[in-house]
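In the text below, chain A, chain B and the rest are named by the order of the sequence lines, each starting its count at 1.
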Amino acid sequence: MSKRFYVTTAIDYVNGQPHLGHAYEKVITDVIARSHRAMGEETFFLTGTDEHGQKVQQAALAAGKTPQEYCDELAAIWQALAGRLGLSNDDFIRTTDPRHEAIIQAILAKLEQNGDFYQAPYHGYYSAKEETFLTEKDRREDGTFDPMWGPVTELVEENYYFRMGRHQQWLIDHLEANPDFVAPSYRRNEVLGFLRNNTLEDLCITRPKERLSWGIPLPFAPDYITYVWFDALVNYASLPGLRGDPVVIEALGPWLPQDGAFAPNPDLQLWPADIHVIGKDILKFHAVYWPIMLKAMGLPLPRQVLAHGWWQKDDERMSKTTGNVVDPIAVIEEWGLDAFRYYVTRELDIGPDGNWTDAGFAARYHAELANGLGNLVNRSLSMLNRYRQGIVPPPHDELRADVTSAVATVEGLLRGHSLQAALIAIWRLIDRVNQYVDQTAPFKLAKDAAQAGRLDEVLYNLAESCRILAVLLWPFLPETAGKIFAQLGLADTPDRWELSQWGGLAAGHQANKPVPLFPRRDQPAA
RNA sequence: GCCAGAGUAGCUCAGUGGUAGAGCAGGGGACUCAUAAGCCCUUGGUCGGCGGUUCAAAUCCGUCCUCUGGCACCA
């Protein structure tokens with residue numbers, strides 16, 4: 001079996017509530033995963049939760065629970081979110097999975113043996129009140145720290161460091177030789193600019209156990225706990241490893257537990273990842289630290305780090321304190337899952353920041369989903385039922401060229417992960433088919449018995465266009481695509497690109513009666 | 001402060017030397033299968049300011065203004 005297309009989201013820190021940004025990242029990654037699957041690639045889509053760290057430790061303590069109990073409860077919330085978003089993820093990694101921890105320890109042991117680590121004092125400003133180190137960025141202009149931190153003292157503690165400096169040049173070379181390694185291109189430029197103009201400092205990768213106990217101990221120094229880098233980031237490779245990915249198993253072989261738990265599985269070739277979908281805030285970790293870590297581990301680099309932007313609400317940063325937030329679950333409950341998936345993918349291209357407005361959401365819902373797509377399917381099937389009792393006439397090719405051309409365009413855009421552009425192209429086809437209804441006026445043809453043959457032709461073109469639209473929409477709107485197939489009386493699922501071939505509807509096929517896909521919400525039901 | 005990017009119709013944006021474009025919103029019309037949806041037509045801009053190069057500049061150059069992003073241990 002060949003290597004699968006492997007796509008990931010960032011894993012989310014459990015000590016927080018899911019918000020629009022999380023939901024957005026997962027939806028666009030799901031669209032990418034579904035489109036690759038539809039086009040016949042074996043695909044693996046991974047998401048998950050980051051569960052270690054001091055904040056989780058403290059929150060668990062405050063809640064009177066063990067950290068593991070606390071994480072189990074929160075991980076369930078995040079997994080439920082994945083379900084509510086209709087994600088087609090193939091697995092869900094939790095960094096508290098003992099197998100993940102075993103792989104982390106194998107990696108740490110290997111790098112220690114290779115001389116990638118060293119011990120040194122860590123100097124920092126420490127807030128005892130918040131039990132955290134502060135950075136220069138936390139200083140105010142006059143050099144003092146915000147009173148929220150309480151008394152701030154300068155503290156020195158021993159820690160382990162990861163040597164990064166020696167990796168600077170090849171990483172620059174790699175970015176120059178692989179223009180798609182970081183996307184969009186302006187993010188790549190930022191990373192290159194950073195690498196060219198700064199000297200990489202070594203990375204502090206531990207915290208002393210007395211300060212951070214909820215995490216993975218260094219196998220060669222159990223009084224130290226791995227800090228986030230060699231824990232959370234590694235999930236992308238540890239999940240393949242714990243499921244037997246041969247590349248990961250081979251790189252870590254001698255350092256893994258030799259009890260047979262990590263037997264290679266040649267049928268699951270995942271690493272290297274094809275795309276890491278992340279937010280722009282964690283670009284540097286993924287485009288600088290992570291490749292260097294992988295190189296040290298002896299693993300190939302991912303093919304692409306794709307950084308998306310952030311959402312604002314009404315041109316202002318979303319903030320819990322002001323209540324200026326979009327709750328994705330509430331939107332889905334009010335408008336439906338596919339309406340949510342459509343808006344976030346259509347409104348915002350992957351890269352720039354976006355702005356959520358409730359008015360914009362309602363406008364797209366009505367203009368594009370209800371009046372455009374929904375009404376087209378409804379009027380097409382309504383006429384097929386009214387004039388032909390829902391029985392599909394013989395195939396006819398009048399719209400074949402338009403549809404085939406749109407399919408090719410959408411396919412190319414999906415392969416390039418231009419999701420917004422793909423939706424725009426799909427809607428151009430919807431507009432074209434709506435235009436066709438007016439140009440051919442089947443409702444007039446139906447009044448003249450002599451035009452029965454022409455009416456058959458038009459009705460076939462409409463029904464077949466709707467069928468193919470379902471296939472194109474599947475990656476974005478899986479519920480809706482399924483409903484269109486169901487209304488057409490098709491038992492199949494529109495999850496394969498080959499179904500977008502013109503002429504799939506057979507003469508004599510019995511379609512069902514239409515039900516509005518996206519009921520209008522701005523007027524009382526008639 | 002330094003580096004990068006952007007400023008074009010009410011809104012979102014395309015357009016990189018040759019008579020200003022799209023979608024949405026706004027206005028008008030004909031139709032009626034359909035979720036009072038759809039279709040056709042249409043109003044609307046001294047292309048951020050100033051100066052320069054050119055027969056010709058939204059497009060190239062200079063300068064100024066405004067905004068955005070980045071400037072390492074941030075989940």
Side-chain angles (χ1 to χ4, degrees), chain A residues 10-16 22 49-50 52-53 55-56 122 124 133-138 159 161-162 164 184-187 189-205 207 227-229 231-233 278-285 287-289 307 309-310 347-349 351-355 357 359-360 363-364 366-387 420 424 427-428 430-431 433-447 455 458-459 462 514-523 525-526:
Chain A
I11 57 174
D12 297 309
Y13 201 52
V14 288
N15 191 38
H22 299 116
T49 42
D50 173 16
H52 289 130
K55 286 181 186 169
V56 168
Y122 179 89
F133 273 91
L134 305 177
T135 69
E136 287 299 325
K137 276 190 171 179
D138 294 311
N159 268 310
Y161 286 81
F162 172 53
M164 292 220 298
S185 58
Y186 47 86
R187 295 293 173 206
N189 290 342
E190 284 175 14
V191 174
L192 268 173
F194 162 69
L195 284 171
R196 286 174 180 144
N197 298 322
N198 297 275
T199 300
L200 278 179
E201 288 176 17
D202 295 335
L203 194 62
C204 182
I205 59 153
R207 295 293 183 267
Y227 189 55
V228 58
W229 319 118
D231 181 353
L233 276 174
I278 59 160
K280 64 180 186 180
D281 52 320
I282 52 177
L283 174 62
K284 194 176 307 149
F285 312 148
V288 178
Y289 302 173
W310 284 16
E347 177 70 22
L348 181 55
D349 194 15
D353 287 349
N355 186 38
T357 63
R364 286 204 187 280
H366 288 114
E368 294 162 21
L369 292 175
N371 300 350
L373 170 63
N375 187 52
L376 172 63
V377 172
N378 199 244
R379 69 199 305 210
S380 299
L381 287 181
S382 172
M383 288 189 281
L384 183 63
N385 275 280
R386 179 185 289 250
Y387 305 137
Q420 183 191 47
I424 291 170
W427 254 259
R428 268 203 297 271
I430 290 170
D431 291 343
V433 181
N434 264 321
Q435 183 186 50
Y436 175 80
V437 176
D438 283 76
Q439 289 172 340
T440 57
F443 39 87
K444 285 181 182 163
L445 298 172
K447 291 173 181 163
L455 178 57
V458 172
L459 292 176
L462 291 177
V515 178
L517 297 169
F518 298 97
R520 290 188 67 96
R521 306 289 300 274
D522 54 354
Q523 54 218 348

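- Considering OH of Tyr122(A) and CG of Asn159(A), their distance stands at 8.0 Å, rounded to 0.5 Å.
- Here rC31(B) is the nucleotide among rC31(B), rC74(B), rC73(B) with the atom lying nearest to any side-chain atom of Lys444(A).
- Looking at residues two or more places apart in sequence or on another chain, you find no side-chain hydrogen bond (donor to acceptor under 3.5 Å, both in side chains) involving Lys55(A).
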Query raised in the report: For nucleotides 38-44 of chain B, read 5' to 3', which letter fits each nucleotide if B means a protein heavy atom sits under 4.0 Å from the base, S means only the sugar-phosphate is that close, and - means neither?
Result: BSS----
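- If you take CD of Glu347(A) and C1' of rG23(B), they are 12 Å apart, rounded to a whole angstrom.
- Rounding to the nearest 0.5 Å places NZ of Lys284(A) at 9.5 Å from CG of Leu195(A).
- Of the candidate nucleotides rC73(B), rA34(B), rG70(B), rG70(B) has the atom lying nearest to any side-chain atom of Arg187(A).
- Scanning for salt bridge (charged side-chain N to carboxylate O under 4.0 Å, His left out) contacts around Asp431(A) gives an empty result, with sequence neighbours left out.
- When all heavy atoms of Phe518(A) and Ala370(A) are compared, the closest pair comes out as O-CB, 3.2 Å.
- Within the 4.0 angstrom heavy-atom criterion, base atoms lie near Leu517(A).
- When the side-chain nitrogen and oxygen atoms of Lys284(A) are compared with OP1 and OP2 of rC71(B), one or more of them lie within a distance under 4.0 Å.
- If you check rC50(B) for Watson-Crick or wobble pairing at under 3.5 angstrom, you find it paired to rG62(B).
- Here Asp12(A) pairs with Lys26(A) under the salt bridge (charged side-chain N to carboxylate O under 4.0 Å, His left out) rule; sequence neighbours left out.
- One finds a side-chain N or O of Tyr227(A) lying less than 4.0 angstrom from the OP1 or OP2 phosphate oxygen of rC74(B).
- To the nearest 0.5 Å, atom CZ of residue Arg207(A) and atom NE2 of residue His52(A) are 15.0 Å apart.
- Distance, Phe194(A) CZ to rG70(B) C1': 11 Å, rounded to whole Å.
- A distance of about 13 Å separates the P atoms of rU46(B) and rC50(B), rounded to the whole Å.
- Position along RNA chain B of the nearest nucleotide to Tyr387(A) versus Ala363(A) favours Ala363(A) as the more 5'-ward residue.
- Between Arg207(A) and rC73(B), a side-chain N or O to OP1/OP2 separation shorter than 4.0 Å is absent.
- Separating the C1' atom of rA72(B) from that of rU16(B) is a span of 36 Å, rounded to the nearest Å.
- Among the protein residues, Asp202(A) comes within range of the nucleic acid bases, having at least one heavy atom under 4.0 Å from a base atom.
- Pair check for rC55(B) finds rG18(B); Watson-Crick or G-U wobble, both atom distances under 3.5 Å.
- Distances from the side chain of Glu190(A) to the nucleotides rU35(B), rC33(B), rG70(B) place rG70(B) closest.
- Considering only side-chain atoms of Ser382(A), the nucleotide from rA72(B), rC33(B), rU35(B) that sits closest is rC33(B).
- Distance, Lys280(A) NZ to rA72(B) C1': 17 Å, rounded to whole Å.
- The salt bridge (charged side-chain N to carboxylate O under 4.0 Å, His left out) search around Arg364(A) returns Glu347(A), Glu368(A), not counting sequence neighbours.
- As judged by a 4.0 angstrom heavy-atom cut-off over every strand, Gly193(A) is placed among residues making no nucleic acid contact.
- In terms of position along RNA chain B, the nucleotide closest to Arg364(A) lies nearer the 5' end than the nucleotide closest to the other residue of the pair Arg364(A) and Pro442(A).
- Glu201(A) has its CD atom 14 Å from the P atom of rC71(B), to the nearest Å.
- For rA4(B), the paired nucleotide is rU68(B), the pair qualifying as Watson-Crick or G-U wobble because both relevant distances are below 3.5 Å.
- Counting only heavy atoms from C-beta on, Lys447(A) has its side chain closest to rU32(B) among rC73(B), rU32(B), rC71(B).
- Rounded to an integer number of Å, the gap from Leu192(A) CG to rA4(B) P is 14 Å.
- Across the C1' atoms, rC13(B) and rC2(B) are found 30 Å apart, a figure rounded to whole Å.
- As rounded to the nearest Å, rU53(B) and rG15(B) have C1' atoms that lie 22 Å from one another.
- For the P atoms, the distance from rG7(B) to rG48(B) is 7 Å, rounded to whole Å.
- Atom CZ in Arg196(A) sits roughly 18 Å away from atom P in rA72(B) (whole-Å rounding).
- Within 4.0 Å (heavy atoms only), Ile11(A) reaches no atom of the nucleic acid at all.
- Under the rule for a side-chain hydrogen bond (donor to acceptor under 3.5 Å, both in side chains), Asp349(A) has no partner lying at least two apart in sequence or in another chain.
- For the P atoms, the distance linking rG17(B) with rA6(B) amounts to 16 Å, nearest Å.
- Going from the C1' atom of rU43(B) to that of rG5(B) covers 34 Å, rounded to whole Å.
- Here, rA20(B) and rG28(B) have their C1' atoms 24 Å apart, quoted to the whole Å.
- Among the protein residues, Pro519(A) comes within range of the nucleic acid bases, having at least one heavy atom under 4.0 Å from a base atom.
- Here the OH-OG distance, from Tyr436(A) to Ser380(A), works out to 10.0 Å after rounding to the nearest 0.5 Å.
- In this structure, Phe443(A) places its CZ atom 16 Å from P of rA37(B), rounding to the nearest Å.
- Atom P of nucleotide rU68(B) and atom CG of Leu348(A) are separated by 17 Å, given to the nearest angstrom.
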